[in-house]
Protein chains: 4
Amino acid sequence: MVFILDQKSRYPIYEQLYQSVTRMAALGALEPEEQLPSVRALAQDLGVNPNTVQKAYQMLEHDGVIVSIPGKGSFLSKEGNAGSLWRTQILHKLHDDISEAADSGVEKSELHTLVDVCYEERGQKHD
Amino acid sequence: MVFILDQKSRYPIYEQLYQSVTRMAALGALEPEEQLPSVRALAQDLGVNPNTVQKAYQMLEHDGVIVSIPGKGSFLSKEGNAGSLWRTQILHKLHDDISEAADSGVEKSELHTLVDVCYEERGQKHD
Amino acid sequence: MVFILDQKSRYPIYEQLYQSVTRMAALGALEPEEQLPSVRALAQDLGVNPNTVQKAYQMLEHDGVIVSIPGKGSFLSKEGNAGSLWRTQILHKLHDDISEAADSGVEKSELHTLVDVCYEERGQKHD
Amino acid sequence: MVFILDQKSRYPIYEQLYQSVTRMAALGALEPEEQLPSVRALAQDLGVNPNTVQKAYQMLEHDGVIVSIPGKGSFLSKEGNAGSLWRTQILHKLHDDISEAADSGVEKSELHTLVDVCYEERGQKHD
DNA sequence: GTGGTCTAGACCACG
DNA sequence: GTGGTCTAGACCACA
């Protein structure tokens, strides 16, 4: 179970961790009901302050992505809350940005090209 | 000349102001060589500290969007730096978002559809 | 770690500090990845307001000389951005000065001689 | 009699004007005892505030480059104060910058090349 | 009047 | 503890 963090990012680590878990759950990389690493174990694994992991877990539980059971550990919630939430957020953000690009005079064809380019880049990375 | 700020936003005020000016310049709402409000005047107008406006103006000058002349005032740069800068920023943001969508399992065809939908909405607004 | 400032200089303090850090990094007096003093500590050390140090640090980060991580501190960038940046700046300044000398009627041979003289002085210092 | 000013320069206009006069006097473009334009005439000619011209003239008189006679006008001083002063300043500045370049690891040959390049550029401009 | 710099001191998010 | 943002208010050089 690997979470990728960028220490230099302008986004706080706990939020990167939150998104990382949500994303993996959305993609099915994490099974429903699967047990997550303990706060302390994950903190040590990532070389990060336990408080930071704790905060991410609290946010995840608050949003119904995971369930923490005192004395037992943290588990992904059974219902796939993460999946639909994640997709919705991404598509909503894209909608806003595309509209803004349109307002700024970007041609529709440019965006179609951009989409293709992004998917090609992604293909190459996985080679 | 109206700039809209959200004091509660997670983004700093000076950055909102920076983007606001850049955007208006890119859309042609501000004329090249046009004089911007003075630091103090705009600060009072926005209900914000002059230093905050100052920082935004200095960032804009650093990026070649405006020219500030001590004792005279601040003016939009004549060359359309704002336009290209804005385009670059928005396309960069879109690139990141699309890549994230792709990583999250969104199909390429969905994005092409989304682009078309956005441009249709835009068309209707102008009817 | 000593930075020398001239409070009476016509150049702002934050710029003196910026150049001081860049110069020391370029000369190897600061190690890559080395942690710089905290904003507050350096401000107190220099007898200067923290905001002034902050501005210098932000300029350094903007130019890729250092990396500031909220909650952790500021560190010299590992890649030797400082070195090339410093060289660029100093050669640019020399270019301007030489051009001005040329415009003012200084003979080319005089400048070649001046260069030699300077390097000889430097040689003697190290004897 | 043409003085070139850069409104956007970080250097104040009165100083640009001061240097412009000194430089032209040093090059012989202005004759000793030659009469300079009146403060008001020059101000209007340059599109600049009379106070600014006034300040430049005062500095020039203070440094013995010109002599202002109330009711008659301003004249270049007979002895070529400007010439030697100007050369000295330029060469001194160059000496410092070259030494700093040397300290920063710039090779002597690079500077000789730079000198040649600058003089070539100058040649082209006058074609 | 303008922009530019600096100080003193506050609050915040983060680790 | 750290860096980041913001305020209030001062002083300066310049036009």
Side-chain angles (χ1 to χ4, degrees), chain A residues 5 7-17 43 46-56, chain B residues 5 7-17 35-43 46-58 60-61 66-75, chain C residues 5 7-17 35-43 46-58 60-61 66-75, chain D residues 5 7-17 43 46-56:
Chain A
L5 301 181
Q7 295 272 3
K8 300 177 201 166
S9 167
R10 52 180 288 186
Y11 296 103
I13 293 181
Y14 73 86
E15 189 165 337
Q16 293 182 49
L17 190 51
L46 298 173
V48 156
N49 192 304
N51 292 334
T52 307
V53 176
Q54 176 76 349
K55 182 158 186 177
Chain B
L5 298 182
Q7 296 270 6
K8 305 171 207 160
S9 166
R10 53 181 291 188
Y11 294 103
I13 297 175
Y14 68 84
E15 189 163 338
Q16 294 181 50
L17 188 51
Q35 180 163 11
L36 294 170
S38 78
V39 171
R40 291 167 175 78
L42 184 53
L46 296 174
V48 156
N49 190 284
N51 287 331
T52 306
V53 176
Q54 175 85 311
K55 181 160 187 177
Y57 273 23
Q58 284 183 350
L60 286 164
E61 182 170 27
I66 70 171
V67 177
S68 291
I69 303 176
K72 297 204 67 175
S74 299
F75 306 83
Chain C
L5 298 183
Q7 296 271 6
K8 304 170 209 160
S9 166
R10 54 181 289 186
Y11 295 102
I13 297 176
Y14 69 83
E15 188 164 337
Q16 294 181 49
L17 188 52
Q35 180 162 10
L36 293 171
S38 79
V39 171
R40 292 167 175 78
L42 184 54
L46 296 174
V48 156
N49 189 285
N51 287 332
T52 306
V53 176
Q54 175 85 312
K55 181 160 187 177
Y57 273 24
Q58 285 182 350
L60 287 164
E61 182 170 28
I66 70 172
V67 177
S68 291
I69 303 176
K72 296 204 66 174
S74 299
F75 306 82
Chain D
L5 301 181
Q7 295 270 5
K8 301 177 201 165
S9 167
R10 52 181 287 188
Y11 295 102
I13 293 181
Y14 73 85
E15 189 165 338
Q16 293 181 50
L17 189 52
L46 297 174
V48 156
N49 193 304
N51 292 333
T52 307
V53 177
Q54 176 75 350
K55 182 157 188 177

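Chain letters run A, B, ... following the sequence lines, proteins first and then strands; every chain starts at 1. Everything numeric in this text was worked out from a predicted model, so none of it was measured.
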- Mind checking the CG-CD1 spacing from B:Leu36 to B:Ile66? Nearest 0.5 Å is all I need.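 Reported value, rounded in 0.5 Å steps: 5.5 Å.
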
- Message: So, taking the atom named NZ in B:Lys55 and the one named CG in B:Leu17, what distance separates them when rounded to the nearest 0.5 Å?
- Response: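 The CG atom of B:Leu17 is 12.5 Å from NZ of B:Lys55, to the nearest 0.5 Å.
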
Backbone of [Y] reached by a side-chain donor or acceptor of [X] within 3.5 Å:
X: D:Gln7; Y: B:Ile69; result: no
X: B:Gln35; Y: B:Ser74; result: no
X: C:Glu61; Y: C:Ser68; result: yes

Between [N] atom [atom2] and [X] atom [atom1], what is the distance in whole Å?
X: A:Gln16; N: E:dC14; atom1: CD; atom2: C1'; result: 12 Å
X: B:Lys55; N: F:dT7; atom1: NZ; atom2: C1'; result: 14 Å
X: A:Leu17; N: E:dA13; atom1: CG; atom2: P; result: 19 Å
X: C:Leu60; N: F:dG3; atom1: CG; atom2: P; result: 13 Å
X: B:Asn51; N: E:dC6; atom1: CG; atom2: C1'; result: 9 Å
X: C:Leu42; N: F:dG4; atom1: CG; atom2: C1'; result: 17 Å
X: C:Arg10; N: F:dC11; atom1: CZ; atom2: P; result: 23 Å
X: D:Lys8; N: F:dA15; atom1: NZ; atom2: C1'; result: 18 Å

Need one value for [X]: base, sugar-phosphate or nothing, where a base atom within 4.0 Å counts as base even if backbone is also close, heavy atoms only.
X: C:Glu61; result: sugar-phosphate
X: B:Gln54; result: base
X: C:Asn49; result: base
X: A:Val48; result: nothing

[N], OP1 or OP2 - any side-chain N/O from [X] closer than 4.0 Å?
X: C:Gln35; N: F:dT2; result: no
X: C:Thr52; N: E:dT7; result: yes
X: C:Ser68; N: F:dG3; result: no

- Query: If you take atom types as modelled and just measure distance, does the side chain of C:Arg40 reach the base of F:dG3 with a donor-acceptor pair under 3.5 Å?
  - Reply: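 By the distance-only test, yes, there is a pair.
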
- Message: Using heavy-atom distances to pick each residue's nearest nucleotide on DNA chain F, tell me which of B:Gly47 and B:Ile69 is more 5'.
- Response: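 So the residue in question is B:Gly47.
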
- Task: Would you kindly compare B:Lys72 and B:Ile13 by the position of their nearest DNA chain F nucleotide and give the one closer to the 5′ end?
- Result: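 Closer to the 5' end of DNA chain F: B:Ile13.
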
- Starting from the 5' end of DNA chain E, give me the residue, A:Pro12 or C:Gln7, whose nearest nucleotide shows up first.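 The residue whose closest nucleotide sits nearer the 5' end is C:Gln7.
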
- Message: Given E:dG4, F:dG4, E:dC14, identify the nucleotide with an atom nearest to the side chain of B:Pro70.
- Response: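 In terms of side-chain proximity for B:Pro70, the closest of E:dG4, F:dG4, E:dC14 is E:dG4.
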
- What nucleotide, of F:dC6, E:dC6, E:dT2, holds the atom closest to the side chain of B:Tyr14?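 Looking only at heavy atoms from C-beta outward on B:Tyr14, the closest nucleotide is F:dC6.
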
- Query: Does F:dC14 pair with anything, Watson-Crick or G-U wobble, both distances under 3.5 Å, and if so, with which nucleotide?
  - Reply: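 The base-pairing partner of F:dC14, which may sit in any strand shown, is E:dG1.
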
- Task: Return the minimal non-hydrogen interatomic distance between C:Tyr14 and C:Thr52, and the atom names on each side.
- Result: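 Taking every non-hydrogen atom into account, CB-O, 3.7 Å.
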
